[in-house]
Amino acid sequence: MSTIQQTLQEQLAKGLHELFSIEVSEIVLQETKKEFEGAYTLVVFPYTKQAGKAPAAIATDLGEYLMANCGIVKTFQVVQGFLNISIHDSAWLDLLASVASDKNPFQIESKGEKVLIEYSSPNTNKPLHLGHLRNNFLGFSVAQILAAGGYDVVKTNLVNDRGIHICKSMLAYQLFGNNETPETSGLKGDHLVGKYYVAFDVAYKEEIAELKAKGLEEEQAKKQAPILLKAQEMLLKWEQGDEEVMNLWNTMNAWVFAGFEKSYKTMGVSFDKIYRESNTYLLGKQIVDEGLASGVFFQKPDGSVWINLEAEGLDEKLVLRKDGTSVYITQDMGTAQLKYTDFKASQSVYVVGNEQDYHFEVLFHILKKLNKPFSQGNFHLSYGMVDLPSGKMKSREGTVVDADDLMAEMIQTAKDRTLELGKIDGFTEVESNELFHNLGLGALKYFLLKVEPKKRMLFNPEESIDFQGNTGPFIQYTHARICSILRKAGTINSINTDSELASSEQELIYLLGEYKAIIATAAANFAPSVIANYAYDLAKTFNKFYNEMTILSEENEVKRNIRIILADLTGKTIQHATSLLGIVSPNRM
RNA sequence: GGUUCCGUAGCUCAGUUGGAUAGAGCAACUGCCUUCUAAGCAGUAGGUCUUUGGUUCGAAUCCAAACGGAAUCACCA
């Protein structure tokens, strides 16, 4: 919130008290609509009863009060119950000067609180796809935003590297792989493994068809297919630590991890700590024992362990199988414990798709019932699936938009577009490639992050992601433009606040003054889309200003200097805002 | 069937505690590059905010119901 807004709020609260004896805890101001004159608007309808006057009369009284008591107010207009307040240019310039001279205009003071954010969480049986991109970009961005919001952030990744699905690709590799490796096949490790995950499904389906031809019911055929039985056998061997199986598992996992490493690098995301389910899956059992002892869980005659969540509006939920092995939620209890032991974070954010809404609801209820110290501050950042025009993506059927392919395509599109526009004069090859990368990824990240997470979104591979309009490259372009001006601007002097402002200049100052509050809102709501929309708004406002005003050739020294400072601060703000989205804003493009 | 989420322009989406005549971009059409990067700017056109009822000075926003779509309700992860 800017100082202008604060001053107005204080004065309006005083005014309401002195004129009408109304006490208000918080005055809510909004931006005045473009059709009306003014910068801030107070809606006075809520005070009509207490004041015993008509809305317009209250607004007029308050406006006159401000004129008499508040130096920054230039004038006011009353439209029905709306009090529109105009601010002196000198006050706007004061605001600009204060933001421009702020040593840390983008960093909110430390809250002394640690937040743990878990995202990405891939399976090691297949490469990453478009859905993972949404997850990774969201998780990384939220981490950046929380850090800017004053939190101590720890980024974690819980890799699902064990289970029947992993055995499926291992088995298929054993059967059909002919010892091929990433080196001999020329395939990235995760893609090679993914190939066998698909191969398993193909073979499995063939076997089911054969069994059905022999007269078995579909259900029976699915359970009895030899290749599935073999995969189950392999899982047992894995759990027993069978040497051959472990060797294969280690080898294939190493391939996948090397592949993921590359993808993460291209995505520009990183982690402070990587957990693997193969190390954590047994941990939850201790917690189950504790819960049984304290009566939170109960045991059925067959030995399985359950929790009753009917009082919470849910139902009974299994937490341990009758054979004593752990299920998904057992692992998550264990992992939650482990993460708490490692980091003692006061908040924990899980970036996981909305198909697991129910799972996390259950998990958080269980942690509360167990009265764990980490039962508070848990948040499931749930996001919708990315659908294709043909429907849902399915890895085992090969109907996915592959993450690596898509990123490569975006980079290629950025390259084509840039060459078309002939904009890389004087770039070295390294610089060009860096630019194509930043633009391609910028377009992709912005496309995925500008949308509210919980909405499911449609991605049409036939229609490439735009580079014009409300897009990442538009914002990046604005930044590059600003850099170009600044390269030619020479020294920047301090602001002379005795000058006049055009409306586009004033709008820019208004937006720049809001940025810290925007970060706070985004952090409080784990919402990159708030930052994305702000960045677009800011870029758009700057471009309007850029087209209306001359900057470098402005003859009035004071005005010229103000405009350069405006450009400078806008550039820095865009740079920072895009960085919170994981987007790099190039200096030239 | 139960629960949860979503439904705003032809398409993709904004709309932060309820406020003025519901906003952008894409696509279509018109203008603007011998002045700071035209990946830009200005403009035209495009809406029963799924529907119905309720709450109130005021509802896209809150409540209820209906309709449409999605997810989930596994001793899979």
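Excluded from the calculations below are hydrogen atoms, water molecules and symmetry mates; all remaining heavy atoms, backbone and side chain alike, are included. In what follows, every chain begins at residue 1, and chains take the letters A, B, ... in the order their sequences are listed.
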Can you tell me how the ring of [X] sits relative to the ring of [Y], calling it parallel under 30°, perpendicular over 60° and tilted otherwise?
X: A:Y328; Y: A:H359; value: parallel
X: A:Y536; Y: A:F474; value: tilted
X: A:F526; Y: A:F379; value: parallel

Between [N] atom [atom2] and [X] atom [atom1], what is the distance in whole Å?
X: A:Y536; N: B:G40; atom1: OH; atom2: C1'; value: 11 Å
X: A:N354; N: B:G69; atom1: CG; atom2: P; value: 17 Å
X: A:N160; N: B:A77; atom1: CG; atom2: P; value: 9 Å
X: A:N547; N: B:A39; atom1: CG; atom2: C1'; value: 13 Å
X: A:Y477; N: B:G25; atom1: OH; atom2: P; value: 16 Å
X: A:H380; N: B:C5; atom1: NE2; atom2: P; value: 13 Å
X: A:K540; N: B:A39; atom1: NZ; atom2: C1'; value: 13 Å
X: A:R134; N: B:U12; atom1: CZ; atom2: C1'; value: 13 Å

Is [X] touching bases, backbone alone, or none of the nucleic acid, heavy atoms closer than 4.0 Å?
X: A:K423; value: base
X: A:K488; value: sugar-phosphate
X: A:L314; value: nothing
X: A:D302; value: base
X: A:S382; value: nothing
X: A:I485; value: sugar-phosphate
X: A:E277; value: sugar-phosphate
X: A:F467; value: base

Distance, [atom1] atom - from [M] to [N], rounded to whole angstrom:
N: B:G46; M: B:A9; atom1: P; result: 15 Å
N: B:A27; M: B:C13; atom1: C1'; result: 15 Å
N: B:U56; M: B:A14; atom1: C1'; result: 27 Å
N: B:A39; M: B:G15; atom1: C1'; result: 26 Å
N: B:G40; M: B:U3; atom1: C1'; result: 49 Å
N: B:U21; M: B:U61; atom1: P; result: 16 Å
N: B:G18; M: B:C62; atom1: C1'; result: 7 Å
N: B:C49; M: B:A59; atom1: C1'; result: 11 Å

Identify each atom pair where a protein N or O and an N or O of nucleotides 49-51 of chain B are less than 3.5 Å apart, giving names and distance.
none

For RNA chain B, produce a single dot-bracket line, 5' to 3'. Pairs: Watson-Crick or G-U wobble, both distances under 3.5 Å. Symbols: ( ) within strand, [ ] crossing, | other strand, . unpaired. (((((((..((((.....[...)))).(((((.......))))).....(((((..]....))))))))))))....
Does the side chain of [X] reach to within under 4.5 Å of the side chain of [Y], using non-hydrogen atoms?
X: A:L16; Y: A:I27; value: yes
X: A:Y119; Y: A:N157; value: no
X: A:L441; Y: A:M410; value: no
X: A:I145; Y: A:P528; value: yes

Heavy-atom contacts, protein to nucleotides 13-21 of chain B, under 4.0 Å, summarised as B (base), S (sugar-phosphate only) or - (none) per nt, yield SS-BB-BB-
Contact under 4.0 Å: [X] side-chain N or O vs [N] OP1/OP2:
X: A:Y358; N: B:U72; result: no
X: A:R321; N: B:A74; result: no
X: A:K300; N: B:C75; result: no
X: A:Y546; N: B:A38; result: yes

For B:C33, glycosidic torsion class - syn if within 90° of 0, otherwise anti: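 Here B:C33 takes the syn form, which means its glycosidic angle is within 90° of 0.
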A:Q468 side-chain proximity, nearest of B:A39, B:C36, B:G23: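 Output: B:A39.
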Heavy atoms from C-beta onward define the side chain here; which of B:C41, B:U4, B:C57 lies closest to that of A:D357?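 Among the listed nucleotides, the one closest to the side chain of A:D357 is B:U4.
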Counterpart residues, salt bridge (Lys or Arg N to Asp or Glu O under 4.0 Å), relative to [X] (two or more places apart):
X: A:E233; value: none
X: A:K544; value: A:E507
X: A:K33; value: none

Should we say atom NZ of A:K285 is surrounded by more than 12 heavy atoms from elsewhere, each under 6.0 Å from it?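 Atom NZ in A:K285 is crowded, with more than 12 foreign heavy atoms closer than 6.0 Å.
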Which heavy-atom pair separates A:Q224 from A:L229 by the least distance, and what is that distance?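 For A:Q224 versus A:L229, the nearest heavy atoms are O-CD1, 3.7 Å.
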Heavy atoms only: give me the nearest A:T330-A:V319 pair and the separation to one decimal.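 Looking at all heavy atoms of both residues, the closest pair is OG1-O, 2.6 Å.
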Side-chain donor or acceptor of A:T418 under 3.5 Å from a matching atom on the base of B:A39?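 Yes, a donor-acceptor pair under 3.5 Å.
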Please check if the distance between the ring centroids of A:F200 and A:Y197 is under 6.0 Å.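 For A:F200 and A:Y197, the ring centres are not under 6.0 Å apart.
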Could you tell me whether the side chains of A:Q412 and A:D416 share a donor-acceptor contact shorter than 3.5 Å?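 Side chains of A:Q412 and A:D416: pair found under 3.5 Å.
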